[in-house]
Visitor: 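My questions will all concern the structure given below.
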Amino acid sequence: MNINTSFKCESCGAITNCRIGMSNRTEQPLRFCCPDCGQPIDIVIGGKSGGVSGAVQIEAEGPFDDETNFVDLHLDFPVHFGKYVMGDTPFMRAAGRIGTDNIQVHSARLRQLDETYKSFGVFETLLKFYIREKWVPFKNAIEKRFGGTVVSDEMQDRNAALYNAIAVMMWPFARPGQASDDIEQYMDVQLYLAQTHKPAFHAFIDEILKTEFLKNLQVACLGIYPRILKAELPLRPALFLDFDVEYQNKAIPMRVSTDQFDTFKDLYKDIAEIISRQFVLVAGLNNLLKRGDHNAFKPGIGLTKSGRDRTPKNLHAFTDIPFGQKDDFIDDNWFAFGDQAADNQLRNAIAHFKTDYDDVSQKIIYYPRKEGMRQDKSEEIHFLEFMRRVLIAYREMNRLHQLIKSLFYYHYLIHVAENAG
Ligand SMILES: [Zn+2]
């Protein structure tokens, strides 16, 4: 369903015609800026805080003409400013671009978010119970709020329940088909290592357990899920780009203040930091596969043109290597990183340099290279494209979290039993 309405800007009096496509979300916060003066205009449909600010809603005089400003708004899709075309709604345009099969997948994901967004808080609490090892409330929450079961007090059964709840809750953000492919590969790698290099493989597991590296990494990953859920609104149009990447220069139809942008910036930085630590597991397994020792990097792989050898002495030394350089020390990597998952320029800019966000144009200016005092080589991306990078980085983190999960399973089911025996 679409509503045609008009808004008179509170600052300059300009009129903007507006077609609002209804999402199924109970509360729909929408925003655009007055095309004439940039005044932010907020519209909240439904919920407790419904209303309009920054403009006065006036009766639409239909059909809309070409002379008046026009904006299409829909919470679930990238939005369009320009000419009004009757019937050419954001939904119809999206369906035309990506086809009805893809539209159904996109809609199914958003439907789940519409149905579950009120339980995001319960999910966050569930993760906290797990992290703090509060097993009674954990079991209660799984059984009463997530329809699951914790079949015993064994860690593998708690983990099964935990990862099930995560898979269900986070499904809208997953790339279709990804998880099962990855888990198969992880199992293959571990079973192969158990057959060919068992003592060395177990030494690797001992080390990542004893140092709590694996546990700390798991806890860090668990901390990301609630933050992705909180970013649900600006991630909705970013999910659409799964089917239509050309749309990444469009605007998003909601308000994102500079403060909120800073939260998303931190989220991106933190996810990248976790991926950088997850690289350590990938490298350790690669060393085991190639040389039967998780600490053994390929000799000379870090040899520079000037003859200096930067090859890490062991996995511990590798951990401290900057994110962007880690991949250089992994020979013929068994794990294929996703495209753009570790965009180093953007990550560096966000982690170390100034980033400017203009909440009217929704453009981000960042400075990817070190330029001394002057920062004149800037790059620009749209906020929607930035949220796309957040989504891609999140998916990569989640893929590698499955590796952590499968290493824990190996430990609980095989490694512990053998150590005891
Ligand atoms: Zn205005």
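Both ligands and their constituent atoms are indexed starting at 1 by order of listing. No experiment lies behind these values; they were computed from the predicted model shown.
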Visitor: Where does the angle between the aromatic ring planes of F337 and F335 fall among parallel (under 30°), tilted (30 to 60°) and perpendicular (over 60°)?
Guide: perpendicular
Visitor: Distance alone, cut at 3.5 Å: any donor-acceptor contact between the side chains of Y130 and Q218?
Guide: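 Yes - a donor-acceptor pair under 3.5 Å links their side chains.
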Visitor: If the threshold is 4.0 Å, N to carboxylate O, is there a salt bridge linking E232 and R236?
Guide: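 Yes.
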Visitor: Hey, are R399 and E396 close enough for a salt bridge, meaning a charged N less than 4.0 Å from a carboxylate O?
Guide: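 Between E396 and R399 there is a salt bridge, with a charged N closer than 4.0 Å to a carboxylate O.
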Visitor: Got a donor-acceptor contact below 3.5 angstrom from the R227 side chain to the T263 backbone?
Guide: no
Visitor: Anything protein N/O/S under 2.8 Å from the Zn ion (ligand 1)? Just list residue and atom, please.
Guide: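 Those protein N, O or S atoms (cut-off: under 2.8 Å from the Zn ion (ligand 1)) are C9 SG, C12 SG, C34 SG, C37 SG.
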Visitor: Is D182 reaching over with its side chain to a backbone N or O of L403, donor-acceptor style, under 3.5 angstrom?
Guide: no
